[in-house]
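The basis for the numbers below is simple: all heavy atoms, side chains too, and nothing from hydrogens, waters or symmetry mates. None of the values given here were measured: they were computed from a predicted structure.
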Amino acid sequence: MCGIAGMVVRSGAADESVLSRMAGTLTHRGPEDQGLYVSQSFGIAHTRLAIIDLAGGHQPIFDAGRRHALVCNGEIYNYVELRAELEALGARPLSHSDSEVALHGWAQWGPKVLTRLHGMYAFALFDHLHRELWLVRDRLGIKPLYYAQLPDRLLFASEIKALLAALPSTPAVDPAALAQYFQNQASSGRDTIFRGIQRVLPGEALRIDAELHVEHVRYWRATDVVRRDDGFTQQEAVAEWEPLFAQVMREHMRADVPYGVFLSGGVDSAVLLAQLKRLHSRPIRTFSIGWADGDKMDELDDAQRIAQLLGSDHEPIRLSSQQVFRRLPRCVWAADDLMRDYACLPTLALAEAAARELKVVFSGEGGDEAFAGYGRYRPTWAERTFKSMRYPGSGGFRARGELDAGWARRLFQPVLRDALEQHRAPFVAAWSETPGHWTDLQRRQYVDLSTNLPDDLLVKADRMLMAFSVEGRVPFLDHRVVEFGLSLPDALKVRKDSGKVFLKRWAESFLPADHLWRPKSGFYVPVRRWLRGDFLSALATKLPANPAIREWCRADAVQALLARQAAKHDVTREVWSLLQFAIWHRLFVERRGARQAPGAEEDPLAWI
C-alpha cells in the first residue's frame, strides 16, 4: 500500500522539487521508501508501505527495455498466476513485487491487461515510446486517485492534499459538491469539493499525451452484469459461490507480513474471520472497539463471542467517548476529501491500535452492497410508490437529504441553497445508467455501488487506515464477488424481514444462526452527547465567526441552530455537519492540506 503522485507539463521538464513536495504529503501512506522519476515533461513519484517483496519492491519500476515506468498504490492479488503466464511469454521480471505484473502485462497486452487484474489499485504508467501517461483506478474504487488539469500541466495524486501542495493557489470550493456533503454525507462522481480537482472514476483509465489531451476509457461496468434466472436455486448458487470465494480469499491472503481482522458485531467480518481460519494454520489477530463509558451501546460482546468461537487472538479496545471525539481533527485531515461518516472516528481508533503491530487488516466493507444487506433495499410497496412520485428519477431511492428541510432552507447563503436543490443528481444519474431489465433491488444496489460506496465508505476504509500506515483488504469488493451478488435473483438476497439472505443461509454451516439473523445495527457513536454542555457553549461563540461558516451560511441562522441544539438537542446532524466543515476548511483551504497532521487527540474547538 502506497501513495503515488506525478505530473505532465506542456513544455519544459517536470519539476523534481514539486514531485518531492507532493510525495512528502503522502508519507503516511508509504513511510518506508520514496522514489521519483522524470522523463522530460513527465514525472512520477511514489511512497512505499512494503507488503509484498519487502526487499525488492522499490518504485518506480521499469521493464527490461525501460519503455514503461510504473508507480502503483494497492495490491494485485493474482500476481502469482499472471507472473507465471507472463514469464512463459518471455517477460523477465526484475523483482517479486505484485505491481510488476501490471507493468509486464501492459507491455504484453496493452490496456487489455486491465480486464485481467484482480485487486485494489491505482497506478500511473508512463510509456516512453508513445510519450503518454495512463492513470488507472480499480473497478470498485477501493483505492483513490485524483487529478487536476491546468492550462500548462496535469497533476495527479492519491490524495487531494498532495495536489494542493503542487497547485499555485487553493482552488475554490464547489457549491454542488458542498451541497452533496451536507445532504448526502459526501460528494459523488468526477467532481470533488474543490473546483478543478477531479476523481478518476472506479473502473476507469485516463490516457494523457504530451499535449495534455485526456481520453477517458471505462474498462469495467457493474451494469454489464447479467441477472440470473429466477429459477436459480440456493444450492446452485452455493455450488458456484464456495470455490469462487475460496479463491478470492486465497488471493487476498497473499502478503509477506502478518495480517489481522477488524471484527465488528456483524455478519461480514465474522464470515471473513471464519474463512481465514479455514485457510490459515494459526490464530488470526482480531480487533474490536467499544466504549469505556458503560452507558453506551457497542458491539464488543458480540465480537468477543465470535472471536472465542473461531479461536482468534482477540483484542477489545475500550475508549472513552471523549477520547474518540478528540480524534475528530485527525479524522478530518485523514479523510482528505470532505465527507461525513460518524463511523470514521472508531475506525481511525482501530487503525491506530492495529498499526502498533500490523500492516494489513481485513474488514467487511462491501458485503451489504453486493448481497443487499441494507433495509433501504427492501421498502414496502406503499413506501416505494409514494417516494417514486414525490422524488422522481431514482425509483424513490435515496430520496431525501440528511438535513432537516427547514434548516437547510434557513441556514445557507443563496448560492448554496440553489445547489441543495440538485443534491440527488448523482443518484438519479446512476439509476438512469442501469439496464431496463434489471429489478428495483439491483438498481438500488448499483446506485450505492457507484456513489455511496466509493465516495463515503471506501474513503473511510482507505484513509482512516492509511493515516496510520495500515493496508485494508476488503474481499467482499473483489469484482467477482460483486458480480456474483448483483446477478443473484432477488429472492435469494432479500425477504420481508431481512437482507443478505444468501450469505446468511450459506454461513449457517459455520456461524451461529442467532448471530447471523439478528436485526442489523450500526456502531453507535454518541454525537448528541458531545454537542452539549460546555463544548456547545464554546462552539456557539466560535462557529458563527469561522470564515467558512461566514462565507456559506447565514450567521443569525447558525446562532439559532446552536440555540436550538442547547434547548432541544434535536439538530445534532446539522450542528455536526457545520462543525466538521469548519475544521475541514481550516485544514484544507486556509492551511492548504496541513502537511503536519493534527495529533491523535486534540480539542476540536482549536481547529475552527
Side-chain angles (χ1 to χ4, degrees), residues 234-235 237-238 241-242 244-246 248-249 252-253 259-280 282-291 294 296-318 343 346-347 350 353-354 361-378 457 461 472-477 481 484-485 488 491-525:
Q234 175 79 11
Q235 293 73 22
V238 168
W241 165 250
E242 285 189 331
L244 167 65
F245 197 53
V248 167
M249 291 301 298
H252 277 68
M253 290 169 65
Y259 49 77
V261 177
F262 284 167
L263 189 61
S264 71
V267 172
D268 301 323
S269 62
V271 168
L272 292 181
L273 179 58
Q275 295 309 298
L276 287 168
K277 172 182 170 64
R278 186 171 69 85
L279 298 168
H280 198 281
R282 291 179 294 180
I284 306 296
R285 193 78 168 98
T286 56
F287 301 84
S288 60
I289 192 167
W291 302 110
K296 298 174 180 63
M297 297 180 294
D298 60 35
E299 301 176 312
L300 286 179
D301 290 344
D302 294 313
Q304 182 70 44
R305 178 192 181 196
I306 296 300
Q308 290 176 342
L309 176 70
L310 298 176
S312 71
D313 178 10
H314 187 61
E315 180 179 345
I317 300 162
R318 295 184 183 274
T347 303
L350 274 171
V361 294
F362 285 74
S363 62
E365 278 81 9
D368 287 305
E369 289 79 8
F371 292 99
Y374 295 121
R376 60 179 178 263
Y377 292 159
R378 49 183 196 278
L457 297 182
R473 297 193 174 183
V474 284
F476 284 115
L477 288 173
V481 172
F484 177 85
L488 290 176
L492 292 188
K493 289 183 285 193
V494 298
R495 64 189 194 195
K496 184 178 181 180
D497 62 341
S498 183
K500 216 153 39 182
V501 170
F502 166 78
L503 202 65
K504 293 173 181 177
R505 285 176 175 166
W506 169 67
E508 282 181 330
S509 62
F510 54 85
L511 289 173
D514 63 331
H515 180 85
L516 294 169
W517 294 99
R518 67 194 181 102
K520 182 177 177 61
S521 61
F523 186 91
Y524 171 71
V525 181

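- The cationic atom of Arg285 (NZ for Lys, CZ for Arg) lies less than 6.0 Å from the six-membered ring centre of Phe287 and within 45° of the ring axis.
- Using a 4.5 Å cut-off on side-chain heavy atoms (C-beta onward), Lys500 and Trp517 make no contact.
- Residue-environment remark: CZ (Arg376) exceeds the threshold of 12 foreign heavy atoms within 6.0 Å.
- Remark: side-chain polar atoms of Ser363 are not paired, donor with acceptor, to backbone N or O of Phe262 under 3.5 angstrom.
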Dump the intermediate steps for side chain to side chain contact (heavy atoms under 4.5 Å, CB included) on Leu511 and Leu310, then the final yes or no.
CA-CA 9 Å; Leu511 289 173; Leu310 298 176; 4.2 Å; yes
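- Here the shortest heavy-atom pairing between Trp506 and Gln234 reads N-NE2, 3.8 Å.
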Give the C-alpha distance, both sets of side-chain angles, the deciding distance and a yes or no for side chain to side chain contact (heavy atoms under 4.5 Å, CB included) between Tyr259 and Arg473.
CA-CA 10 Å; Tyr259 49 77; Arg473 297 193 174 183; 5.7 Å; no
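- In this pair, Phe476 and Phe245 present their aromatic rings parallel. The plane angle is below 30°, not in the 30 to 60° band.
- Taking the side chain as every heavy atom from C-beta outward, Leu503 and Leu516 never approach each other to under 4.5 Å.
- Between the side chain of Trp291 and the backbone N or O of Tyr524 there is at least one donor-acceptor pair closer than 3.5 Å.
- Remark: Thr286 OG1 to Asp313 CG distance equals 7.0 Å, nearest 0.5 Å.
- Contact annotation: the side chain of Ile306 approaches that of Pro512 to within less than 4.5 Å [non-hydrogen atoms, C-beta and beyond].
- Here the NZ-CG distance, from Lys277 to Leu279, works out to 11.5 Å after rounding to the nearest 0.5 Å.
- In this structure the side chain of Pro316 reaches within 4.5 angstrom of the side chain of Gln304, judged on heavy atoms.
- The distance from atom CD of Glu365 to atom OG1 of Thr347, rounded to the nearest 0.5 Å, is 7.0 Å.
- Note that CG of Asp268 is 14.5 Å distant from CZ of Phe362, once rounded to the nearest 0.5 Å.
- By the 4.5 Å heavy-atom criterion applied to side chains, Glu299 and Ser288 are not counted as neighbours.
- Shortest non-hydrogen contact noted between Val481 and Ala370 is O-CB, 4.5 Å.
- The 12-atom threshold is not exceeded at CG of Asp301, counting heavy atoms of other residues, nucleotides or ligands nearer than 6.0 Å.
- Listed here is the closest heavy atom pair of Ala237 and Leu488: CB-CD2, 4.1 Å.
- For the residue pair Ser264 and Ser269, the shortest heavy atom distance occurs at N-OG, 3.1 Å.
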Show the numbers, then the answer: is there a side chain to side chain contact (heavy atoms under 4.5 Å, CB included) between Leu309 and His515?
CA-CA 12 Å; Leu309 176 70; His515 180 85; over 6 Å; no
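- Nearest heavy-atom pair, His252 versus Pro475, reported as atom, atom and distance to 0.1 Å: NE2-CA, 3.5 Å.
- Side-chain contact between Glu369 and Leu457 is present, with at least one heavy-atom pair separated by less than 4.5 Å.
- Using a 4.5 Å heavy-atom cutoff, the side chains of Val261 and Ser312 are not in contact.
- For Ala372, the side-chain contact (heavy atoms from CB on, under 4.5 Å) partners two or more places apart in sequence, or in a different chain, are Tyr377, Leu441, Gln445, Lys493, Val494.
- In this structure a side-chain-to-backbone donor-acceptor pair under 3.5 Å is missing from His280 to Leu276.
- Here the shortest heavy-atom pairing between Arg378 and Gly373 reads NH1-O, 3.8 Å.
- When side chains are defined from C-beta on, Phe371 does not count as touching Lys504, because their heavy atoms never get closer than 4.5 Å.
- Atom CD1 of Ile289 is separated from atom CD of Glu315 by 10.5 Å, given to the nearest 0.5 angstrom.
- Rounded to the nearest 0.5 Å, atoms CG (Asp514) and CZ (Arg305) are 4.0 Å apart.
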